[in-house]
> 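Got a structure for you, written out below as structure tokens; questions coming shortly.
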Amino acid sequence: MIGCELTWADSAGIIVETEAYAAIGDEAAHTFLRPSARRFVAERPAGSLYVYLNYGMHWLLNFLVSGTGARGFVLVRALQPTKGIDLMRTRRGLSAERSLCSGPGKLTQALAIDGSVHGKDVFALPYARLNATLCAAAVETDLRVGITKSAELEWRFLLKGSPYLSIPKKETRPRAS
DNA sequence: GATGCGATTCAC
DNA sequence: TGAATCGCATCA
């Protein structure tokens, strides 16, 4: 999904950062502890939006996805704003384009996404659209952010070199001698 | 019912 | 570094 443009009503952005959460065996995923999340995976089609309130204040946007034999969620963590940027500035209460969508809670605020769309099929929403814009996006992986369980998995995906990431890739720089 | 804990963000 | 703030799971 890195490099795809997410259009949401009046605003849009290119997805530059995501994280994967597996429905089975991933201790950091909601499915690991929550029956409601497991039911969601079992009952809904791929493309369903899983939107939940984090820390009591931030809406986080996930897509239910289906792979070869495995299902799970893709958390959208950062966008490069492309449309409705002034609208985003108003919703975010700041002007720096770099900061409008550089975090999972920031981008939902910028796009005005909240729990009212939880469970909806993104392909059935008239005002939502997901389309590829980059044919050969350079994708890097990194450890997931803010995770304590199953923390060793490199399931964060980044558009290489993008200035719109929530956090830059943790570099394994060669030790100075 | 009470308690604890986050897939975060922002100000100090 | 800490506060804001709420849904869900767990336990009494």
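Side-chain atoms are counted along with the backbone in the values below, which use heavy atoms only and exclude waters and symmetry mates. A note on names: the letters A, B, ... follow the listed sequences, proteins ahead of strands, and every chain is numbered from 1. Only a predicted model underlies this, so the values are computations on that prediction, with no experimental measurement involved.
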> Please report the interatomic distance NZ(Lys169(A)) to CD(Glu140(A)), rounded to the nearest 0.5 Å.
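Atom-to-atom, Lys169(A):NZ and Glu140(A):CD are 5.5 Å apart.
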> To the nearest angstrom, how far is Asn54(A) atom CG from dA4(C) atom C1'?
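Rounded to whole Å, this separation is 13 Å.
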> With stacking defined as ring centroids separated by under 5.5 Å and planes differing by under 30°, is Tyr55(A) stacked against dA4(C)?
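One would not call Tyr55(A) stacked on the dA4(C) base.
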> Counting only side-chain N and O atoms of Lys106(A), is one of them less than 4.0 Å from OP1 or OP2 of dC10(B)?
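It does, given that an N or O in the side chain of Lys106(A) lies less than 4.0 Å from OP1 or OP2 of dC10(B).
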> Would you indicate what Arg77(A) reaches in the nucleic acid, counting non-hydrogen atoms under 4.0 angstrom: base, sugar-phosphate, or nothing?
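The answer is sugar-phosphate, as Arg77(A) gets under 4.0 Å only of primed atoms, P, OP1 or OP2.
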> Any base atoms under 4.0 Å from Leu33(A), or only sugar-phosphate, or nothing? Heavy atoms, all strands.
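Result for Leu33(A) = sugar-phosphate.
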> Honestly curious: do Leu107(A) and Val51(A) fall in one hydrophobic cluster under the side-chain, below-4.5 Å linking rule?
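Yes, it is one cluster - the side chains of Leu107(A) and Val51(A) are joined through contacts under 4.5 Å.
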> Please state how far atom CG in Leu53(A) lies from atom P in dA4(C), giving the value in whole angstrom units.
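Going from Leu53(A) (CG) to dA4(C) (P), I get 16 Å.
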> CD of Gln109(A) versus P of dA4(C): gap in Å, rounded?
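The distance from CD of Gln109(A) to P of dA4(C) comes to 18 Å, rounded to the nearest Å.
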> In whole Å, I'd like the distance from the CZ atom of Phe73(A) to the C1' atom of dA7(B).
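Those two atoms, CZ and C1', are 12 Å apart.
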> To the nearest 0.5 angstrom, please state how far the CG atom of Leu165(A) sits from the OG atom of Ser102(A).
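Leu165(A) atom CG to Ser102(A) atom OG measures 9.0 Å (nearest 0.5 Å).
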> Could you state whether Leu61(A) and Leu79(A) fall into the same hydrophobic cluster, counting links through intermediate Ile, Leu, Val, Met, Phe, Trp or Tyr residues with side-chain heavy atoms under 4.5 angstrom apart?
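Linked, Leu61(A) and Leu79(A) end up in one cluster.
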> At under 4.0 Å between heavy atoms, what does Arg156(A) touch on the DNA or RNA strands: base, sugar-phosphate, or nothing?
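No contact.
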